[in-house]
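Scroll down for the structure; my scribbles are underneath it.
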Amino acid sequence: MFEKEHPYQDLNCKRCILIGEKGEKTMISPELKYKVGQLMVFGFKGKTASPEIKKLIRDHHVGGIILFGRNIGTPEEVLALTTELQREAKDAGHEKPLLICLDQENGVVRRLGEGTTVFPGAMLLGATKSPENAYAISAATAKELKALGLNWNLAPVVDVNNNSENPVIGVRSFGESPEQVSLFGQNAMQGMQDVGVITTLKHFPGHGDTNVDSHLDLPVIPHGMDRLEEIELKPFKDCIDKGADVIMTAHVYFPAIEDRENVPATLSHKVITGLLREKLGFNGVVTTDCMEMNAIADNIGTAQGGVEAIKAGVDLIMVSHLHTRHFETINEILKAVDRGEIDEITVDAAYERVMKLKEKYLNWEDIQLEGALEVSEIVGCKQHEFEAAEVYRQGVTLVKNEKELIPLSLDEEDRILVVYPENNLIMQVEDRRYSSFSLEESIRDIHENTDVMKFSNPPTEEEITKILEAAKNYSTVIVGTLTALPGSQQVRLVEVLNKLTKNLIVIATRSPYDLTYFPGISTYICTYEFTYPALKTAASAIFGKKKVSGELPVTIPNL
């Protein structure tokens, strides 16, 4: 790894010397070093800029930053952080401001928290059957992002989720129909763009029909080109035609496109240059997903993966976590250019695309770097809360009400039992700060005479016995499910409760596919996410306070 550098103050210095661990020297021009730095998107820990990220911005000219929950505090803290980062770049002589991004997909994948609006995610939006909702929610999201100094959102997801066993996309998708995903994706993209926030279509060429999480291993999509063009590629192509800004690659292997075995799309020249650029005509910026995900890191490795991605035609290399990998990646790319493995023309083309994107969206004059900072009133405002609440009402779905149990007719003294699992099954991309969900609070806010029993996921035999024994004393039981699996203890608990309980209401608090495993349930609601507004909307529907109107955007087997 290269860490020691020949110091220089500006780009007029003719050459820089990089000294490797074994004493080898590589001569790199400051201009080339600057250009390569602008192709990096790095993350760090903390709610203030770390010394390492400052060094990368200052000495390596890193042009992009990714934030996670570990960086997010109050709105005031977020604005202070983004301003600190931009000030560092300005002082270091960056021509354009930093790209500062995060995954604010909304729903189950979001980064902003305290003091900001909780907006509905993609599948709930899809359930409203109104693309205008995707536009409105995305525009409102972008207004809050922009007010906090966040200029690039890693959304929307335009993967078509047609695999009920997909562990990483699922409710992050607008649905199973390529036409619906395309239409909602276009509206979501345009909503953010109209506010002035950069968008990202992900994960090209499609991550919807996988049963492996690329954070953990390398998924394979074996379909031929005819099928890929009909399903996976349609949303990307349509959004490209409407002016897509950035496309994120999938760490997924597509043997129909790439004949080298187990080469993910991120590293494939045939996918990035041949398919995306030449065939689909995309001239915007291509970014990798995080290069520390196991599909890359455990195979070719993060740093060498960065080299191969640049060679494939990618513009931005995303390394989200470890600073050792930041330095390794940037220097491996510089070494590859020095030895001719990467042509400088390739670097120039990527740099020009990134600068064109920055020129369109970013300007130093628009960023307040001096004086007291004040968060705009648009962040977490009542109007956004109201808009989100109406979309939640339109999206939460009453799938089955065969006994006409909903709306519940209860007296104040009537007691009900609420049963739900702890959330230990979150996806790698989810933020653990939001891993708990408030079904208990949502019900009790409306009906105080509510008893609650929480169980492990999966529940133990002892927990099942206690719940079944307690349920005998209630005429109405509400049970929340969380990503049920065939033959699991969670499924068995619901099945036995259905036989034992006079009135059973099941709320699928994330995956609508849960109903697949207990078709005998007569009253079933999908919220698509376990955010408080979604669960509160479901509770309001159960007690007749609201009339929900969502329709399933995916097919449930056995329904």
Side-chain angles (χ1 to χ4, degrees), residues 11 29-42 57 60-66 85-86 89-90 92-101 142 145-146 149-156 158 186 189-202 204 236-249 266 269 271-289 306 309-318 330 333 337 342-367:
L11 300 184
S29 73
E31 182 181 10
L32 176 61
K33 187 179 179 186
Y34 181 86
K35 288 179 178 178
V36 170
Q38 289 294 307
L39 308 185
M40 301 297 114
V41 181
F42 291 161
I57 293 170
H60 294 266
H61 317 291
V62 166
I65 303 295
I66 180 169
L85 291 166
Q86 294 291 14
K90 179 70 170 176
H94 286 224
E95 179 184 349
K96 293 291 180 183
L98 297 169
L99 295 165
I100 303 181
C101 68
L145 291 175
K146 195 171 184 180
L150 300 156
N151 51 45
W152 177 19
N153 195 6
L154 302 177
V158 293
Q186 291 173 58
M189 179 182 78
Q190 291 172 346
M192 286 182 271
Q193 289 175 333
D194 287 350
V195 175
V197 169
I198 300 167
T199 58
T200 310
L201 309 178
K202 59 188 189 184
F204 185 83
F236 289 99
K237 184 180 186 306
D238 292 347
C239 289
I240 288 170
D241 292 343
K242 292 293 185 179
D245 299 313
V246 180
I247 291 179
M248 177 182 285
T249 63
T266 299
H269 189 273
V271 171
I272 306 304
T273 298
L275 175 60
L276 179 55
R277 296 221 185 271
E278 296 175 357
K279 187 170 183 177
L280 299 185
F282 180 62
N283 296 315
V285 170
V286 178
T287 182
T288 70
D289 205 337
I310 294 289
K311 288 163 62 177
V314 167
D315 303 308
L316 292 173
I317 306 300
M318 189 173 291
I330 216 168
I333 292 171
V337 176
I342 296 176
D343 196 310
E344 287 195 36
I345 295 175
T346 301
V347 174
D348 287 343
Y351 173 77
E352 288 172 8
R353 285 188 288 263
V354 172
M355 287 301 108
K356 185 177 180 180
L357 180 70
K358 287 191 173 187
E359 181 71 32
K360 180 179 179 180
Y361 283 95
L362 310 181
N363 195 307
W364 284 120
E365 284 67 37
D366 296 335
I367 301 174

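Values reported hereafter were calculated over all heavy atoms of this structure, with side chains retained and with hydrogens, waters and symmetry mates removed.
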Atom of Ala244, atom of Met189 and distance for their closest heavy-atom approach = CA-SD, 3.6 Å
CD1 of Ile65 to CZ of Phe42, rounded to nearest 0.5 Å, is 8.5 Å
Gln186 vs Asp241, side-chain contact (heavy atoms from CB on, under 4.5 Å): CA-CA, chis, key distance, verdict = CA-CA 10 Å; Gln186 291 173 58; Asp241 292 343; over 6 Å; no
Measure the shortest side-chain to side-chain distance between Leu201 and Pro156 over non-hydrogen atoms and say whether it is less than 4.5 angstrom.
-> yes
Using atom types as modelled and distance alone, determine if a side-chain donor or acceptor of Lys202 lies under 3.5 Å from a backbone N or O of Leu154.
-> yes
Taking the side chain as every heavy atom from C-beta outward, state whether Ile333 and Met40 have any atom pair closer than 4.5 Å.
-> yes
side-chain contact (heavy atoms from CB on, under 4.5 Å) test vs Ile272 passes for just one of Thr288, Thr266, Thr249, namely Thr249
Is there a donor-acceptor contact under 3.5 Å from the side chain of Glu344 to the main chain of Val337?
-> no
Gap separating the CZ atom of Arg353 from the CG atom of Asn283, nearest 0.5 angstrom | 8.0 Å
Please state whether the rings of Tyr34 and His94 are parallel, tilted or perpendicular, taking 30° and 60° as the class boundaries.
-> perpendicular
Is Ile330 close to Val62 at the side-chain level, that is, under 4.5 Å between some pair of heavy atoms?
-> yes
Please walk me through it: do Leu39 and Ile317 pass side-chain contact (heavy atoms from CB on, under 4.5 Å)?
-> CA-CA 6 Å; Leu39 308 185; Ile317 306 300; 5.5 Å; no
Atom CG in Leu280, atom SG in Cys239: separation rounded to 0.5 Å?
-> 12.0 Å
Can Lys242 and Asp238 be counted as an ion pair, charged N to O under 4.0 angstrom?
-> no
Once you round to the nearest 0.5 Å, how far does CG of Leu32 lie from CG of Asp348?
-> 8.0 Å
Listed partners of Asp343 passing side chain to side chain contact (heavy atoms under 4.5 Å, CB included), at least two apart | Ile345, Thr346
Flag the pair Tyr361 / Asn151 as yes when at least one side-chain heavy-atom distance between them is below 4.5 Å, and no otherwise.
-> no
When rounded to the nearest 0.5 Å, the distance separating OG1 of Thr199 from CD1 of Ile247 is 9.5 Å
When rounded to the nearest 0.5 angstrom, what distance separates CG in Leu362 from CD1 in Ile198?
-> 5.0 Å
Sequence neighbours left out, what passes side chain to side chain contact (heavy atoms under 4.5 Å, CB included) with Lys279? Give chain and number order.
-> Met225, Glu229, Leu275
Start with the C-alpha distance between Ile240 and Leu276, add both sets of side-chain angles, then the distance that settles side-chain contact (heavy atoms from CB on, under 4.5 Å), and finish with yes or no.
-> CA-CA 10 Å; Ile240 288 170; Leu276 179 55; 3.9 Å; yes
So, does Thr287 use its side chain to make a donor-acceptor pair with the main chain of Met248 at under 3.5 Å?
-> no
Side chain of Lys96, backbone of Glu359: donor and acceptor closer than 3.5 Å?
-> no
Just one of Val41, Leu98, Asp245 clears the side-chain contact (heavy atoms from CB on, under 4.5 Å) bar with Trp152, so which one?
-> Val41
Is Asp315 salt-bridged to Arg277, going by a charged N under 4.0 Å from an acidic O?
-> yes
Does a side-chain N-to-carboxylate-O contact under 4.0 Å join Lys35 and Glu31?
-> yes
Would one find more than 12 heavy atoms of other residues, nucleotides or ligands at under 6.0 Å from atom NZ of Lys237?
-> no
Indicate yes or no for a side-chain donor-acceptor contact from Glu95 to the backbone of Met355 under 3.5 Å, with no hydrogens or angles considered.
-> no
